[in-house]
Amino acid sequence: RKEVEQDPGPFNVPEGATVAFNCTYSNSASQSFFWYRQDCRKEPKLLMSVYSSGNEDGRFTAQLNRASQYISLLIRDSKLSDSATYLCVVRSGTGNQFYFGTGTSLTVIP
Amino acid sequence: EAGVTQSPTHLIKTRGQQATLRCSPISGHTSVYWYQQALGLGLQFLLWYDEGEERNRGNFPPRFSGRQFPNYSSELNVNALELEDSALYLCASSSGRLRRANEKLFFGSGTQLSVL
């Protein structure tokens with residue numbers, strides 16, 4: 001079983017739509033959780049950390065459910081510039097190993 | 001403050017040759033990670049170095065190797081190159097302090113390796 005699993009999509013949504021991505025992780029001892037954004041053939045960039053209490057950054061909201069071992073990312077009022085691949089990342093509870101999902105592709109359509 | 005830097009940006013080799021890729025972490029970071037990303041695929045973990053030692057390696061053959069220098073920069077070496085080694089190779093660094101709860105990864109812009 002993979003450490004981190006994501007629906008690869010693609011998600012094609014109109015501008016202004018709300019879209020949600022989910023991710024599950026297998027290791028219950030995982031310590032830290034993140035969403036990264038990757039544009040085509042570029043390096044991944046940190047979008048936001050994910051906290052147990054949930055956190056928001058502008059149009060982006062991240063949630064963590066430790067009991068069910070899943071992480072979500074909600075994007076409200078989608079912009080064309082949100083088109084990218086979104087990577088779910090989990091840091092293990094032992095050592096400093098980071099595990100990446102395969103990414104979810106989002107295309108925002110005018 | 002400079003971010004993670006990788007060199008070269010592009011590298012073209014022929015099958016059977018050796019490639020050396022370099023990475024300088026963010027100042028103060030002691031952990032360096034290497035990932036391979038083939039076209040259209042996800043990131044595949046290659047190697048993790050911290051404080052000069054290899055801490056873990058992914059499911060890659062031994063011809064993929066590397067090292068970390070005393071200044072925490074790192075090299076990735078790929079011997080006996082094969083066509084399927086063509087990919088974007090990404091380096092990332094983190095502060096390496098295991099007690100920090102919110103340790104993050106910061107990526108360089110990658111080296112595009114093409115094997116002909």
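The sequence lines fix the lettering, A, B, ..., with proteins before strands; numbering per chain opens at 1. Quick caveat, the model's predicted, so the values are computed rather than measured.
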- Are A:Val108 and A:Val19 joined in one hydrophobic group, where the rule is that I, L, V, M, F, W and Y side chains link up if heavy atoms are under 4.5 Å apart? yes
- Message: I'd like to know whether CZ of B:Arg15 has more than 12 heavy-atom contacts from other residues, nucleotides or ligands below 6.0 angstrom.
- Response: no
- Hydrophobic cluster membership, A:Tyr99 vs A:Met48, 4.5 Å side-chain cutoff: yes
- Message: Can you tell me which portion of B:Leu90 sits under 4.5 Å from chain A's heavy atoms? Options are side chain, backbone, both or neither.
- Response: side chain
- Can you establish whether the number of heavy atoms outside A:Lys42 located under 6.0 Å from its atom NZ is more than 12? no
- Item | Among B:Leu88, B:Leu105, B:Leu43, residue most engaged with chain A (heavy-atom pairs, under 4.5 Å) | B:Leu105
- Query: Are there more than 12 heavy atoms of other residues, nucleotides or ligands under 6.0 Å from atom CG of B:Leu41?
  - Reply: yes
- Take atom CG in B:Asn59; do more than 12 heavy atoms of anything else shown fall under 6.0 Å from it? no
- Query: Is it the backbone or the side chain of B:Leu39 that comes under 4.5 Å from a heavy atom of chain A, or both, or neither?
  - Reply: both
- Message: Is there a path of hydrophobic side-chain contacts, each under 4.5 Å between heavy atoms, that joins B:Trp48 and A:Phe100?
- Response: yes
- Message: Applying side-chain hydrogen bond (donor to acceptor under 3.5 Å, both in side chains) to A:Gln38 and B:Gln37, what does each step give before you reach the verdict?
- Response: CA-CA 12 Å; A:Gln38 186 176 27; B:Gln37 188 173 34; 2.7 Å; yes
- Query: Side chain, backbone, both or neither: which part of B:Gln112 has an atom under 4.5 Å from a heavy atom of chain A?
  - Reply: side chain
- chain B contact residues among residues 78-89 of chain A, heavy-atom distance under 4.5 Å: A:Leu87
- Message: Grouping I, L, V, M, F, W and Y whenever their side-chain heavy atoms are under 4.5 Å apart, do B:Trp34 and B:Leu81 come out in a common cluster?
- Response: yes
- Query: Roughly how far, to the nearest 0.5 Å, is OG of B:Ser109 from CZ of A:Arg41?
  - Reply: 12.5 Å
- If one checks every heavy atom of A:Phe98 against chain B at 4.5 Å, the contacting part turns out to be both
- Item | Distance-only side-chain donor-acceptor flag, B:Arg55 / A:Gln97, under 3.5 Å | no
- Is A:Trp35 linked to A:Phe33 within one hydrophobic cluster, defined over Ile, Leu, Val, Met, Phe, Trp and Tyr using a side-chain heavy-atom separation of less than 4.5 Å? yes
- Message: Surrounding OH of A:Tyr70 (heavy atoms of other residues, nucleotides or ligands, distance under 6.0 Å), is the total greater than 12?
- Response: no
- Between B:Lys104 and A:Ser49, which heavy-atom pair has the shortest distance, and what is it? CE-OG, 3.4 Å
- Item | Residue part contacting chain B, namely of A:Tyr36, when any heavy atom lies under 4.5 Å | side chain
